[in-house]
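Here the structure is laid out as structure tokens; the discussion comes afterwards.
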Amino acid sequence: MRPSSSSAVHASAPRTTGGATAEASPSTAAHFASTDSLSAYWRFYWAVAEAQLVRWLPSTPSRILDLSGPDFRCAHRAVAAGHDVVTLASSTEEAHRRPLEVVSGQETRSRGRPAGRLRRIVGDAMLLSGVTSGAFDGVIADNRVLSQHLLTEACLAEIARVLRPGGRTLLCVDSVVLGMALLAEQDCWPELSYAPNADVLLVPWPDGTITRCFTVEQLSEVLTDVGLELEWVKPRTVLSASTVEMVLDSDPNALNRLVETELKAVESDDYVGVHMLASAKRPQ
């Protein structure tokens with residue numbers, strides 16, 4: 001496993017004035033730092049994420065481990081497609097308190113086979129010591145979870161361990177494009193000048209947390225270092241938030257057309273989005 005590089009860039013917290021945090025103007029890049037907005041763009045974003053997950057899922061019923069956190073909105077798609085999905089809760093109380101998603105009969109019939117099961121167990125999403133090696137056919141690490149846990153190498157090593165030979169993982173991380181935009185908006189110009197060549201780029205988020213941002217080459221390297229083979233990497237979305245919201249404001253029924261347009265656009269290697277989606281597999 002590759003240790004953290006000495007050339008890592010870690011930007012400081014937002015600048016302060018007179019001992020108090022300066023009031024920030026609305027941020028364009030920070031719009032992408034949270035995925036819980038109910039705006040038209042985020043409805044589009046999650047529709048794209050669901051479609052991408054459906055395309056990635058195994059063609060036969062499988063055991064899937066979902067590490068994407070309680071805010072991930074697409075796990076029900078894997079259940080609807082006939083897969084048994086295990087999600088993790090941080091405590092026994094949380095595991096029993098949060099209701100399991102309900103899969104509708106319409107979703108089940110559309111897949112032509114019975115729905116799978118969704119089960120919640122207690123565990124640490126990044127330290128899977130209680131999970132048997134090779135226990136899962138697939139692991140979903142969406143919702144930027146590997147960028148939020150900064151020691152990504154250790155997280156991916158655990159994912160590789162719990163995958164069976166030939167098993168696959170789908171993951172989503174923040175890209176250097178987003179990290180550099182946030183640095184610029186925070187006036188972190190010294191850090192920004194080093195960012196393109198940094199081995200590790202850590203960026204403060206508007207909520208005070210830190211995220212780790214990747215280039216395609218960096219993501220490929222950390223996957224290779226833990227013994228996984230990169231199958232492909234692409235942006236989660238390339239259509240801008242302003243474009244999506246303008247289209248949906250003029251035609252609320254255009255969501256499906258926008259999603260299809262997006263799925264065709266991200267097949268190109270010419271785009272780099274704010275979030276990167278990648279698929280990798282454990283060799284046989």
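In what follows, residues are counted from 1 in the order of the sequence shown.
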For the residue pair [X] and [Y], establish whether any side-chain heavy-atom pair is separated by less than 4.5 Å.
{"X": "Leu53", "Y": "Asp142", "answer": "no"}
{"X": "Ser39", "Y": "Glu245", "answer": "yes"}
{"X": "Val259", "Y": "Phe44", "answer": "yes"}
{"X": "Val173", "Y": "Thr211", "answer": "no"}
{"X": "Leu171", "Y": "Leu156", "answer": "yes"}
{"X": "Val247", "Y": "Asp249", "answer": "no"}
{"X": "Asp174", "Y": "Trp205", "answer": "yes"}
{"X": "Val203", "Y": "Ile210", "answer": "no"}

Using only atom types and a distance under 3.5 Å, with no angle test, would you say the side chain of [X] pairs donor to acceptor with the backbone of [Y]?
{"X": "Ser175", "Y": "Phe214", "result": "no"}
{"X": "Arg161", "Y": "Val131", "result": "yes"}
{"X": "Asp207", "Y": "Thr209", "result": "yes"}
{"X": "Thr224", "Y": "Ser220", "result": "yes"}
{"X": "Thr152", "Y": "Leu146", "result": "yes"}
{"X": "Arg168", "Y": "Trp56", "result": "yes"}
{"X": "Gln218", "Y": "Thr215", "result": "yes"}
{"X": "Ser240", "Y": "Val238", "result": "no"}
{"X": "Ser193", "Y": "Pro190", "result": "yes"}

Quick check on the hydrophobic clustering: are Leu263 and Trp46 connected, directly or via other members, by side-chain heavy-atom contacts under 4.5 Å?
yes
For Leu170 and Leu277, run side chain to side chain contact (heavy atoms under 4.5 Å, CB included): C-alpha distance rounded to whole Å, both residues' side-chain angles, the deciding distance at 0.1 Å, then the answer.
CA-CA 7 Å; Leu170 181 73; Leu277 189 70; 4.0 Å; yes
Of all heavy-atom pairs between [X] and [Y], which one has the smallest distance, and what is that distance?
{"X": "Leu248", "Y": "Leu255", "answer": "CD2-N, 3.6 Å"}
{"X": "Leu192", "Y": "Ala184", "answer": "CD2-CB, 4.0 Å"}
{"X": "Ser279", "Y": "Glu231", "answer": "OG-OE1, 2.5 Å"}
{"X": "Gln284", "Y": "Gly166", "answer": "NE2-CA, 3.7 Å"}
{"X": "Ala78", "Y": "Leu57", "answer": "CA-CD1, 3.6 Å"}
{"X": "Glu50", "Y": "Cys74", "answer": "CG-SG, 3.4 Å"}

For Tyr41 and Thr237, does a side-chain donor sit closer than 3.5 Å to a side-chain acceptor?
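The answer is yes; a qualifying pair exists.
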Does a side chain donor of either Asp66 or Thr87 reach within less than 3.5 Å of an acceptor in the other side chain?
no
Enter the distance from [X]:[atom1] to [Y]:[atom2] here, rounded to the nearest 0.5 Å.
{"X": "Thr132", "Y": "Arg164", "atom1": "OG1", "atom2": "CZ", "result": "15.5 Å"}
{"X": "Arg73", "Y": "Ser68", "atom1": "CZ", "atom2": "OG", "result": "13.0 Å"}
{"X": "Glu191", "Y": "Leu182", "atom1": "CD", "atom2": "CG", "result": "13.0 Å"}

Tell me whether the NZ or CZ atom of Arg236 lies within the 45° cone about the ring axis of Tyr45 and under 6.0 Å from its centre.
yes
Is [X] salt-bridged to [Y], going by a charged N under 4.0 Å from an acidic O?
{"X": "Glu260", "Y": "Arg257", "answer": "no"}
{"X": "Arg282", "Y": "Asp137", "answer": "no"}
{"X": "Arg212", "Y": "Glu153", "answer": "yes"}
{"X": "Asp84", "Y": "Arg119", "answer": "no"}

Can you list everything that forms a salt bridge (charged side-chain N to carboxylate O under 4.0 Å, His left out) with Arg63? Sequence neighbours excluded, please.
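Arg63 satisfies salt bridge (charged side-chain N to carboxylate O under 4.0 Å, His left out) with no other residue.
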Worked verdict on Lys281 versus Thr169 for side chain to side chain contact (heavy atoms under 4.5 Å, CB included)
CA-CA 6 Å; Lys281 70 176 181 179; Thr169 180; over 6 Å; no
Leu65 vs Leu67, side chain to side chain contact (heavy atoms under 4.5 Å, CB included): CA-CA, chis, key distance, verdict:
CA-CA 6 Å; Leu65 177 63; Leu67 304 179; 3.7 Å; yes
Candidate pair Val200 and Leu202, rule side chain to side chain contact (heavy atoms under 4.5 Å, CB included), full reasoning:
CA-CA 6 Å; Val200 178; Leu202 304 179; 3.8 Å; yes
